[in-house]
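Each remark here refers to the structure printed beneath this line.
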2 protein chains.
Amino acid sequence: MTLQRTADAAMIRADIRTGAFTGHTSGMAPGKLQCNLAILPAVHALDFLRFCQRNPKPCPVVGVSETGDPMLPTLGRDIDIRTDVPRYRVFRDGILSGEVNDIKDLWRDDLVTVALGCSFTFENALIRAGIPVRHIEDGVNVPMFRTNIPLVPAGPFKGNMVVTMRPIPEAMVEQAHEISANFPQAHGAPIAKGDPRALGIQDLSMPDYGDAVAVKPGEVPVYWACGVTPQNVLLDARLPLCITHSPGHMLISDVAEDAETPIYHP
Amino acid sequence: MTLQRTADAAMIRADIRTGAFTGHTSGMAPGKLQCNLAILPAVHALDFLRFCQRNPKPCPVVGVSETGDPMLPTLGRDIDIRTDVPRYRVFRDGILSGEVNDIKDLWRDDLVTVALGCSFTFENALIRAGIPVRHIEDGVNVPMFRTNIPLVPAGPFKGNMVVTMRPIPEAMVEQAHEISANFPQAHGAPIAKGDPRALGIQDLSMPDYGDAVAVKPGEVPVYWACGVTPQNVLLDARLPLCITHSPGHMLISDVAEDAETPIYHP
């Protein structure tokens with residue numbers, strides 16, 4: 001795999017489309033908004049958009065396709081959602097039925113793509129400001145935890161929020177808050193800090209998803225709303241068909257991550 | 001303070017519900033988000049939400065009801081959209097068929113309410129910062145203009161953007177930009193400034209809606225996306241039934257206008 005991680009978004013998507021690249025997208029095309037994905041039948045799309053509107057911290061909608069149209073022109077040039085994501089997960093009745101590198105054979109005239117902002121965006125901004133991001137230093141996945149924070153329901157979509165945790169040096173917590181608040185399309189400001197039990201988290205060394213990281217002396221665990229939230233909610237709704245990206249294998253858009261809106265202007 | 005303000009919004013809505021108040025809501029319940037309204041049949045709601053997502057500057061969605069449910073719990077306590085707006089406009093096939101003080105007799109099981117942020121919010125913030133807002137000084141409606149700026153279409157919804165214009169002293173233009181940018185749920189930063197012809201506006205003294213205001217020497221005309229945009233788009237789509245607020249007669253929510261999200265937490 002010789003692909004430059006700093007190649008531009010269109011070049012990386014081209015290699016993804018041909019199957020030349022099927023890996024994680026963390027750190028690729030710096031400065032471009034990366035997206036979580038939910039592809040679902042149109043009959044459920046209105047309820048899902050209502051759910052996202054009511055839970056904007058875990059579910060920041062950055063793009064919605066036309067029904068049956070695999071293209072996403074508001075997120076970039078020539079984005080075909082059937083081929084331009086490195087890996088997909090296919091769920092039937094809420095059960096993982098397979099992991100694939102394209103969904104050309106699964107596409108249907110009634111599918112709607114919903115793209116959601118992801119935390120890669122504010123992590124880049126934290127690092128630029130000199131704030132350490134432990135799981136990136138350690139080369140592991142961010143630790144994620146189920147919480148007791150209820151989501152606002154819509155139709156069949158309901159549940160509790162999933163959060164990511166990053167240990168931040170106490171003197172930098174306020175700055176980390178302010179920086180991430182600038183990215184409402186990427187989960188925005190933290191939803192809590194400190195005692196995990198206040199969120200119903202029993203043990204920070206036992207994440208529900210991802211990998212554990214150390215919280216060192218002088219560091220505060222800081223919690224951000226997580227894009228796994230809508231994925232869990234979708235699975236729990238047991239839709240007949242639902243397709244998401246595989247964790248870490250995001251859609252790389254042409255939208256600047258610090259743009260005022262997530263709408264691509266050619 | 002917060003309790004008092006919350007009480008204010010609830011008290012005003014109570015007077016609106018009984019019909020004791022049917023006037024403009026400009027300046028009422030300071031600090032609370034006020035909303036433009038679009039009430040439409042569910043069969044068009046997915047397309048309309050897609051349209052708003054693609055045009056977030058003129059169409060910032062702050063609330064969406066369940067289909068057939070007149071309550072808006074994410075925008076405040078006990079908000080009944082059938083009665084809690086001072087005046088409504090009813091459109092049939094894109095034609096104004098009447099103006100009413102409640103829509104109890106018009107409510108149907110297939111209606112969806114979409115609430116959109118309005119510019120009252122950032123005007124309050126401009127005034128607090130000492131930036132003059134001419135139409136408020138003059139006691140008239142803000143001047144609004146059709147532009148040649150195309151909107152991103154969705155289903156039957158398409159057209160050009162409508163903007164408001166406020167003359168700002170040249171030295172304050174940047175500050176006005178920064179302040180309004182803090183309110184993405186209320187049209188956010190200006191979309192342009194200066195020469196009206198660049199937007200296809202022929203004559204600033206002849207607004208398409210609202211009232212003309214003077215642009216004095218040393219002032220720059222500054223243009224913001226306007227909530228009349230989605231109203232025009234809805235009318236042009238000639239839906240069999242569509243209900244909006246009457247201009248200036250907004251829904252007053254319980255959400256703080258500077259809240260990170262427009263979701264009310266009791």
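Below, chain A is the first sequence line, B the second, and so on; all start at residue 1.
Contacts of A:Pro184 with chain B are absent, with no heavy-atom separation under 4.5 Å from either backbone or side chain. With a 4.5 Å cut-off on non-hydrogen atoms, A:Glu260 touches chain B through its side chain but not through its backbone. Contacts between A:Pro73 and chain B at a heavy-atom distance below 4.5 Å are absent for every atom of the residue. For A:Val112, the part lying near chain B is the side chain, with the backbone staying farther off; criterion is any non-hydrogen pair under 4.5 Å. Using a 4.5 Å cut-off between heavy atoms, B:Gln53 contacts chain A through both its backbone and its side chain.
Between B:Thr67 and A:Arg50, some side-chain heavy-atom pair lies under the 4.5 Å cut-off. Two residues are said to be in side-chain contact when any heavy atoms from C-beta on lie closer than 4.5 Å; B:Leu49 and A:Val61 fail this criterion.
Nearest approach of A:Ala42 to B:Leu46, heavy atoms of both residues: O-CD2, 4.2 Å.
For the set A:Ala181, A:Ala154, A:Ser65, the entry with the most heavy-atom pairs within less than 4.5 Å of chain B is A:Ser65. The candidate from A:Pro262, A:Gly63, A:Ala45 with the greatest count of non-hydrogen atom pairs under 4.5 Å with chain B is A:Gly63.
Distance CG/B:Leu75 to CZ/A:Arg54: 10.0 Å, rounded to 0.5 Å.
Atom CG of A:Asp195 sits in a crowded spot, with more than 12 heavy atoms from other residues, nucleotides or ligands closer than 6.0 Å. With a 6.0 Å radius and a threshold of 12 heavy atoms from other residues, nucleotides or ligands, A:Arg77 has its CZ atom at or below the threshold.
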